[in-house]
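Notes follow once the structure below has been shown.
Because the structure is a prediction, the values reported are computed rather than measured. First listed ligand is number 1; within each ligand, the first listed atom is number 1.
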Amino acid sequence: VTKRILTGIKPTGTPHVGNWVGAIRPALQLVDRHDGSATAMYFIADYHALTQVHDRAKLADYTYEVAATWLALGLDPERVLFYRQSDVPEIFELAWILTCFTPKGWANKAHAYKAALDASRARGEADLDAGISMGVYSYPTLMAADILAFDTDLVPVGKDQVQHIEIARDLADRINHQYQQPVLKPPLAVVGEDTAVVPGVDGQKMSKSYDNTILLFAEEKALRKRVNQFKTDSLPPEAPKDPSTSALFQLYSAVATKAEAAALAERYRAGIGWGDAKKLLADRLDAELAPARARYAALMGDRPQIDALLGIGARRAREIAGGVLDRVRAATGIGARR
Ligand code: TRP
């Protein structure tokens, strides 16, 4: 039996090197590892992004940028079902049905909502809930629908998302128990082994919210300029450097082979100027990304092609979800004529 692997990608920003190393590259490797024994479904979670992005042009641009990025980096739409969440209305229909089975107490404890509460608290708001939409509150229920609409077996996610997968699992169990039949398949989270921390130009974890990212497909000149902004100390060029405390080195080893990283570590210990270290990192990033950058530019110049590819995925996804929804309607009595 082939297992179904599914994960969602939230289009809330222009993809950066941290997204690639932390999420895109491992997800594409997972497809290769499971070739034949699993079917993968990777989708653009634009309804989830709408909980954060309320600028029409940005939401559209991020959606295309994220789609073009995955395709440029090697996602093969023949092997992976690749679609927009909002093109599969069955997901949304299931989301409401699941909402009717989600205890409000689960939503109170969910990670996305608690993170939003923390942000309200940090802003010093008097009413912590005032700025939080029902979309954020219902985030895990929509996510459960993403997963359960396709009889998903495995959901590769980061640690912060495991709780949301458990909610999907608990919802499937609840509905199966309520109707005394196997209506929905309880999924399992798969947490990848800890990928190395990808530092941004300030040395902190690379993240859009720290404004320290290196965009994946910036032009070569912009890429080099950004790498030159990496913070370094004032050791003279000939002084030995400790690779383990250098963000430049950490990022290099996240991109290069083990042998290349070992060779560079040697040069750090022997004494390397920061200017040279930056140049080596920029060269390595550029070598790795230049071919994909060209594919990305071609795709972004032809949005109808991206739409066509996503549309093929959506049609196949709708067939699968349609079957699951038939089961859910039959079990719950929704839409029954008698
Ligand atoms: N919430 C996930 C994130 O922030 C994205 C996501 C949406 C997702 N729906 C999903 C992940 C379904 C796995 C399965 O990264």
- Message: Geometry only, no angles: is His164 polar-contacting ligand 1 at N/O separations under 3.5 Å?
- Response: no

- Task: Look at the side-chain heavy atoms of Ile, Leu, Val, Met, Phe, Trp and Tyr, link any pair under 4.5 Å apart, and say whether Val80 and Leu309 land in one connected group.
- Result: yes

- Distance filter under 4.0 Å to Ile147 heavy atoms, resulting ligand 1 atoms: 12 (C), 14 (C)

- Query: Would you call the rings of Tyr47 and Phe92 parallel, tilted or perpendicular, where under 30° means parallel and over 60° means perpendicular?
  - Reply: tilted

- Message: Once you restrict to heavy atoms under 4.0 Å, what part of Ile165 touches ligand 1? Side chain, backbone, both or neither.
- Response: neither

- Message: Could you tell me, atom by atom, which parts of ligand 1 come under 4.0 Å of a heavy atom of Gln161?
- Response: 1 (N), 2 (C), 3 (C), 4 (O)

- The atoms of ligand 1 lying under 4.0 Å from a heavy atom of Val157, numbered in the order shown, are 13 (C)

- Task: Can you see which heavy atom on Trp274 is nearest to which on Lys241, and at what distance?
- Result: CZ2-CD, 3.5 Å

- Considering the heavy atoms of Val155, write down every atom of ligand 1 situated less than 4.0 Å from one of them. 13 (C), 14 (C)

- Query: Are Asp118 and Arg121 ion-paired here, with the side-chain N under 4.0 Å from a carboxylate O?
  - Reply: yes

- Shared ILVMFWY cluster between Leu289 and Phe230, side chains joined below 4.5 angstrom? yes

- Message: Please report whether ligand 1 has a polar contact with Asp146, defined as an N or O pair separated by less than 3.5 Å (distance criterion only).
- Response: yes

- Separation between CE (Met300) and CD1 (Ile306), nearest 0.5 Å, reads 5.5 Å

- Message: Less than 4.0 angstrom from a charged side-chain N to a carboxylate O is my criterion; do Arg315 and Glu319 meet it?
- Response: no

- Note on the structure: Nearest non-hydrogen protein atom to atom 12 (C) of ligand 1, with distance, is Met143 CG, 3.6 Å

- Ligand-side contact atoms (ligand 1) for residue partner Thr7, heavy atom cut-off under 4.0 Å: 11 (C), 13 (C)

- Query: Going through the checks in order, is the salt bridge (Lys or Arg N to Asp or Glu O under 4.0 Å) test met by Arg327 and Asp151?
  - Reply: CA-CA 11 Å; Arg327 240 161 47 213; Asp151 289 335; 2.7 Å; yes

- Specify the protein heavy atom at minimum distance from atom 7 (C) of ligand 1: its residue, its atom name, and the distance to 0.1 Å. His48 ND1, 3.4 Å

- Note on the structure: Under 4.0 Å between heavy atoms, the region of Phe43 that gets near ligand 1 turns out to be side chain

- Task: Enumerate the atoms of ligand 1 whose separation from the nearest heavy atom of Lys10 is less than 4.0 angstrom.
- Result: 4 (O)

- Atom CZ in Phe150, atom CZ in Arg318: separation rounded to 0.5 Å? 10.0 Å

- Note on the structure: Logged contact type for Leu142 with ligand 1, heavy-atom cut-off 4.0 Å, is neither

- One finds that the ligand 1 atoms under 4.0 Å from a non-hydrogen atom of Tyr139 are 1 (N), 2 (C), 3 (C), 4 (O)

